[in-house]
Every structure is written in C-alpha cells, then in structure tokens.
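Note that the structure is a prediction, hence the values are computed from the model and not measured. These numbers come from the heavy atoms of this one structure, side chains and all, not from hydrogens, waters or symmetry mates.
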Amino acid sequence: MADPVAWTMIERGWSVCDSTGEEIGKVGELTGDEDHDIFDGLTINTGVLGGTKYVPSEHVSQIREGVVVLAIPAASLEKYE
C-alpha cells in the first residue's frame, strides 16, 4: 500500500474507490486553493453511463499515490451531480 500524500498531489486519471475499496471511477478535476491549502473536492468520472459526480472533500478519507478513497459507499454518489 502506498504512503499517504497531500491533496495537491492528486492527478487526473487516478483511481477513486468507495468506502468498501471498490474502484468506482477516475479523478476528473480538483477544486480548491493551493495557495491557502484548501481542498474543496473533486469530480469523479464514473464511466459512460454514470457520467461525472462532484464529491466534497469531507467525503475523502484517504489519498495515496494513484488512488483516492472515499468515506462513503458508491450508492451515496447518486445524490451528487
């Protein structure tokens, strides 16, 4: 398992896993202010049928090189656009 990294290291295309460890998509965009070290959230590209979901930073539990792990299950993403 990779070591934790800062949110500023996240790159487009990294895997995103839900709270069960299942990969649910790829990182699309990040929102935040690097100058003030404020991470607002990220978009997840969930595939052709799933589209793109925005997830606020409070639902991110871990950031490791190459993967972002959410603190919520994939089913909870339905309420995010």
Side-chain angles (χ1 to χ4, degrees):
M1 181 181 293
D3 291 332
V5 296
W7 74 271
T8 54
M9 300 296 294
I10 298 172
E11 295 180 13
R12 178 182 280 163
W14 279 18
S15 296
V16 179
C17 296
D18 71 357
S19 59
T20 69
E22 178 182 345
E23 184 174 338
I24 56 172
K26 302 289 184 182
V27 172
E29 300 289 332
L30 292 177
T31 58
D33 182 342
E34 287 188 36
D35 293 333
H36 294 97
D37 196 24
I38 299 171
F39 174 40
D40 290 326
L42 55 96
T43 61
I44 302 170
N45 299 323
T46 58
V48 176
L49 298 177
T52 301
K53 304 287 184 187
Y54 176 79
V55 178
S57 62
E58 62 262 22
H59 296 304
V60 174
S61 67
Q62 296 179 41
I63 303 168
R64 299 187 309 264
E65 189 160 346
V67 65
V68 176
V69 181
L70 304 180
I72 57 175
S76 295
L77 290 177
E78 294 308 314
K79 63 183 172 184
Y80 297 103
E81 293 295 328

Exercise. Can any side-chain N or O of T46 pair as donor or acceptor with the backbone N or O of G51 at less than 3.5 Å?
Worked result: yes
Problem set entry | Residue list, side-chain hydrogen bond (donor to acceptor under 3.5 Å, both in side chains) with T31, at least two apart or on another chain | Y54
Exercise. Pairs in or reaching into residues 14-27: which pass salt bridge (charged side-chain N to carboxylate O under 4.0 Å, His left out), with residues at least two apart or in two chains?
Worked result: E23-K26
Exercise. Do M9 and V55 share a hydrophobic cluster, counting only Ile, Leu, Val, Met, Phe, Trp and Tyr and linking them when any side-chain heavy atoms are less than 4.5 Å apart?
Worked result: yes
For this session: Give a yes or no on this: more than 12 heavy atoms of other residues, nucleotides or ligands lie within 6.0 Å of atom CD of E65.
Result: no
Exercise. Between the main-chain N or O of V69 and the side-chain N or O of S61, is there a donor-acceptor pair closer than 3.5 Å?
Worked result: yes
Exercise. Any ring-ring contact (aromatic ring centres under 6.0 Å, His included) pairs touching residues 26-45, not counting sequence neighbours?
Worked result: W7-F39
Exercise. How long is the gap from OG1 on T43 to NZ on K53, to the nearest 0.5 Å?
Worked result: 12.0 Å
Seminar exercise, completed: Heavy-atom closest pair (H59 atom, I72 atom, distance to 0.1 Å) is ND1-CG2, 3.6 Å
Exercise. Under 4.5 Å between any side-chain heavy atoms of V67 and V16, yes or no?
Worked result: no
Exercise. Between L70 and I24, is any pair of side-chain heavy atoms under 4.5 Å apart?
Worked result: yes
Problem set entry | Distance-minimising heavy-atom pair for T8 and E34 | CG2-CG, 3.8 Å
